[in-house]
J.: 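This is the structure I have questions about; it appears just below.
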Amino acid sequence: MSSRFRAGDRDAVAARQARIDAVLARRSGFTPPATTEAAFRFAADYARVNLLTYLYAAFDAPAADTAVHERRAGETNRDRVRRGLALSTAGRPPGSLGDLFDAPTGDTRPADYFGADVAAETWEGMWSDQWLLDGLEHAHTLAEAVLAGDIATLEIIAGVPLADAITDAGLFFGDVDNQVLSLASDAFRERLEDHEPAFDPERAVDMTAPLSALPGLLQEARHEWTATEQLALVIAGLAPIERTAPQF
């Protein structure tokens, strides 16, 4: 009996590989869907609101001194700005978004230059979401394919047929089948393998703007995400940033 099961297993593996080979063969001459203007706009909008939200949180975080790599008890970056002090030593205009972005967090990291064991970590260096924001236009394009029922495109990009996609139970969006979402997520990761990281926070936000403008900039940037944009964020493994009224 066990030998029959092993033979059946081998047959199943061979059949699955044949389906995958068939999908990969369809890549010959395949042209991925063109990235729409809406997709690029979505990627830029989400990156901007993400960065502004991060800066807003950093504004009320404990201030830190570059020289001693430690936080000052009871004083925030906002408090320092109110006292007219610069937050960093990077030469940005004091009280600007860039001055906050370059400010130390109070944490340290291994130094990348000779003669020092540790260096002060900055808010720019701690911003771990940068790499996640690259390629979001691909997630939007794939979301369009999902909503259009274009499974064939998802299969070719992901390199696996829908029936063999490894499902991720944590993915859900309306009544879209979980396996379709998993396939789209696989396709997104496949697209990122050939994507050249190009996200530049300096282009997403005007770092010369005064910190007093931060709440208004954030409120202006936040908006209601469309269904396609929300689906794109699910595919990319991100979450929509809710629209709220920030206080200064």
Side-chain angles (χ1 to χ4, degrees), residues 1-47 50 127-200 204 225-241:
M1 182 180 296
S2 61
S3 63
R4 287 200 300 272
F5 276 125
R6 285 196 295 271
D9 290 343
R10 286 196 297 271
D11 290 344
V13 170
R16 180 179 186 274
Q17 188 59 53
R19 292 193 297 269
I20 293 175
D21 290 343
V23 168
L24 294 177
R26 287 156 54 195
R27 283 186 174 179
S28 178
F30 171 75
T31 301
T35 305
T36 63
E37 182 179 336
F40 282 119
R41 185 170 60 249
F42 156 71
D45 287 348
Y46 187 84
N50 182 289
W127 191 38
S128 60
D129 282 343
Q130 290 188 48
W131 67 275
L132 291 173
L133 302 178
D134 268 310
L136 276 181
E137 66 275 10
H138 297 315
H140 191 283
T141 302
L142 294 167
E144 292 174 312
V146 169
L147 295 177
D150 186 2
I151 303 302
T153 291
L154 300 177
E155 289 179 324
I156 296 173
I157 295 175
V160 63
L162 175 62
D164 295 310
I166 299 175
T167 58
D168 181 348
L171 296 176
F172 55 90
F173 184 81
D175 59 357
V176 178
D177 182 78
N178 174 258
Q179 199 153 14
V180 172
L181 290 176
S182 299
L183 181 66
S185 182
D186 286 343
F188 176 64
R189 287 190 290 269
E190 189 74 15
R191 290 301 301 268
L192 288 187
E193 288 188 5
D194 298 324
H195 182 85
E196 291 293 333
F199 182 76
D200 183 357
W225 305 100
T226 68
T228 304
E229 291 171 338
Q230 291 182 45
L231 177 53
L233 292 172
V234 170
I235 292 171
L238 299 171
I241 300 173

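The basis for the numbers below is simple: all heavy atoms, side chains too, and nothing from hydrogens, waters or symmetry mates.
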J.: Applying side chain to side chain contact (heavy atoms under 4.5 Å, CB included), name anything that partners Val23, two or more places apart in sequence or on another chain.
T.: Arg26, Glu155, Pro161
J.: Could you give the distance from CG (Leu154) to CD (Gln179), rounded to the nearest 0.5 Å?
T.: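 One finds 12.0 Å between CG of Leu154 and CD of Gln179.
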J.: How would you list, by chain and number, every residue that makes a salt bridge (Lys or Arg N to Asp or Glu O under 4.0 Å) with Glu193, sequence neighbours excluded?
T.: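 Partners of Glu193 by the salt bridge (Lys or Arg N to Asp or Glu O under 4.0 Å) criterion come out as none, since no residue qualifies.
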J.: Apply side chain to side chain contact (heavy atoms under 4.5 Å, CB included) to Ala158 and list each qualifying residue two or more places apart in sequence or on a separate chain.
T.: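 Residues passing side chain to side chain contact (heavy atoms under 4.5 Å, CB included) with Ala158: Val160, Leu183, Asp186, Ala187.
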J.: Can you list the residues that meet the side chain to side chain donor-acceptor pair (under 3.5 Å) rule with Thr153, with sequence neighbours excluded?
T.: Asp150
J.: Looking at every non-hydrogen atom in both residues, tell me the closest pair between Ile157 and Pro33 and how far apart they are.
T.: CD1-CD, 4.3 Å
J.: Which heavy atom of Leu136 sits nearest a heavy atom of Ala43, and at what distance?
T.: CB-CB, 3.8 Å
J.: Which residues satisfy the side chain to side chain donor-acceptor pair (under 3.5 Å) test with Ser185, sequence neighbours excluded?
T.: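 Partners of Ser185 under the side chain to side chain donor-acceptor pair (under 3.5 Å) test: Arg189.
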J.: Sequence neighbours left out, what passes side chain to side chain contact (heavy atoms under 4.5 Å, CB included) with Leu233? Give chain and number order.
T.: Phe42, Tyr46, Leu238, Pro240
J.: Can you name the residues that form a salt bridge (Lys or Arg N to Asp or Glu O under 4.0 Å) with Glu137, not counting sequence neighbours?
T.: none
J.: Can you name the residues that form a side chain to side chain donor-acceptor pair (under 3.5 Å) with Gln17, not counting sequence neighbours?
T.: Asp21
J.: Has Phe172 got more than 12 heavy atoms of other residues, nucleotides or ligands less than 6.0 Å from its CZ?
T.: no
J.: So, taking the atom named CD in Glu144 and the one named OG1 in Thr35, what distance separates them when rounded to the nearest 0.5 Å?
T.: 9.0 Å
J.: To the nearest 0.5 Å, what is the distance between CG (Asn50) and CG (Asp45)?
T.: 12.0 Å
J.: Which pairs pass salt bridge (charged side-chain N to carboxylate O under 4.0 Å, His left out) with one or both residues in residues 31-40, sequence neighbours excluded?
T.: Glu37-Arg41
J.: Side chain to side chain donor-acceptor pair (under 3.5 Å) with His140: which residues, sequence neighbours excluded?
T.: none
J.: Ala143: which residues meet the side chain to side chain contact (heavy atoms under 4.5 Å, CB included) condition with it, sequence neighbours left out?
T.: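 Partners of Ala143 under the side chain to side chain contact (heavy atoms under 4.5 Å, CB included) test: Thr228, Leu231, Ala232, Ile235.
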J.: Nearest 0.5 Å, what's the CG-CG distance between Asp200 and Leu133?
T.: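 Going from the CG atom of Asp200 to the CG atom of Leu133 covers 12.0 Å.
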J.: Going by the salt bridge (charged side-chain N to carboxylate O under 4.0 Å, His left out) test, which pairs reach into residues 160-170, not counting sequence neighbours?
T.: Arg16-Asp164, Arg19-Asp164
